[in-house]
Structures are given as structure tokens and as C-alpha cells.
Amino acid sequence: MKNNRKNSLMTCSQEVFNELYIIDSIVQMTKKTCQDYEFSGQYYGIPVEMSIKLSTERNNYINMLNLLSEKISNIMKLNLLMEKEITLQQNTDNCRR
């Protein structure tokens, strides 16, 4: 593979990583907000039954955000592996010359 093509792939890979990092940051901020509301017990003066439902709903959102963050982390790791392979290929090609 030509070097300019590899450089283009590396640039794209780095941009993907940056976007994933931003997305994960947003997920983490959202999760923290949900946790803060849940831990502080903010239920807006609603009846106990509704408080329990709200708490359950918040905990479900927190769990989903945890899963989403894990998946984003997995994609970021795969992206780094891909970058490593591209770099190894570049180095191999340079050694052949």
C-alpha cells in the first residue's frame, strides 16, 4: 500500500478516535448527571410510588450509559489496533526499500 494512502488511513483513524472520545465524554457527563440526581434523591415532591418508578428509570438509563461507554471503549481499542497495524505495515514497507 502506498504511503500517502496509509497516511490518509492514519489521519482518518485518528479523527474517528477523537470523535469517539468526544462521544464517550458526553455519555460520561450524562451518566454522572443521572447518578447525581439519583444519589441526591431529587424526586421533585412526587408520591413514593412515582419516586420508585423514577429511581428505576434513572438506574436503567445509568446501566445503558455504562454499556454504551463500554462499547465505545471497545471501538476505540479496535481503532488503536488498526492504527498500530497500519504503522507496522508502513515500517515494513520502509525496511524493504
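Just so you know, these numbers come straight off a predicted model, no measurement behind them.
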Problem - Side chain proximity check, Ser69 to Lys31, heavy atoms < 4.5 angstrom - result: no

- [ ] For the pair Ser51 (side chain) and Pro47 (backbone), establish whether a donor and an acceptor sit closer than 3.5 Å, ignoring hydrogens and angles.
- [x] yes

Polar side-chain atom of Ser8 near backbone of Asn4 as donor-acceptor pair, under 3.5 Å: no

Between the CG atom in Leu65 and the CZ atom in Arg58, the distance rounded to the nearest 0.5 Å is 13.5 Å

Among the clusters formed by ILVMFWY side chains lying less than 4.5 Å apart, do Leu68 and Leu20 turn up in the same one? yes

Here the gap from Leu9 atom CG to Glu83 atom CD, rounded to the nearest 0.5 Å, amounts to 10.5 Å

When rounded to the nearest 0.5 Å, the distance separating NZ of Lys84 from CG of Leu80 is 10.5 Å

d(Tyr37 OH, Ser55 OG) to nearest 0.5 Å is 15.0 Å

d(Met29 CE, Asp24 CG) to nearest 0.5 Å is 10.5 Å

Value for CD1 (Ile75) from CD (Glu19), rounded to nearest 0.5 Å, stands at 13.0 Å

- Kindly work out whether a path of hydrophobic side-chain contacts (I/L/V/M/F/W/Y, heavy atoms less than 4.5 Å apart) joins Ile23 to Leu67. no

Please determine whether residues Met50 and Leu54 belong to a single hydrophobic cluster, defined as Ile, Leu, Val, Met, Phe, Trp and Tyr linked transitively by side-chain heavy-atom distances below 4.5 Å.
yes

Practice prompt. Consider only side-chain heavy atoms of I, L, V, M, F, W and Y, link residues closer than 4.5 Å, and tell whether Val27 and Ile62 are in one cluster.
Written response: no

Of all heavy-atom pairs linking Asn79 and Ser13, the shortest is ND2-O, 2.8 Å

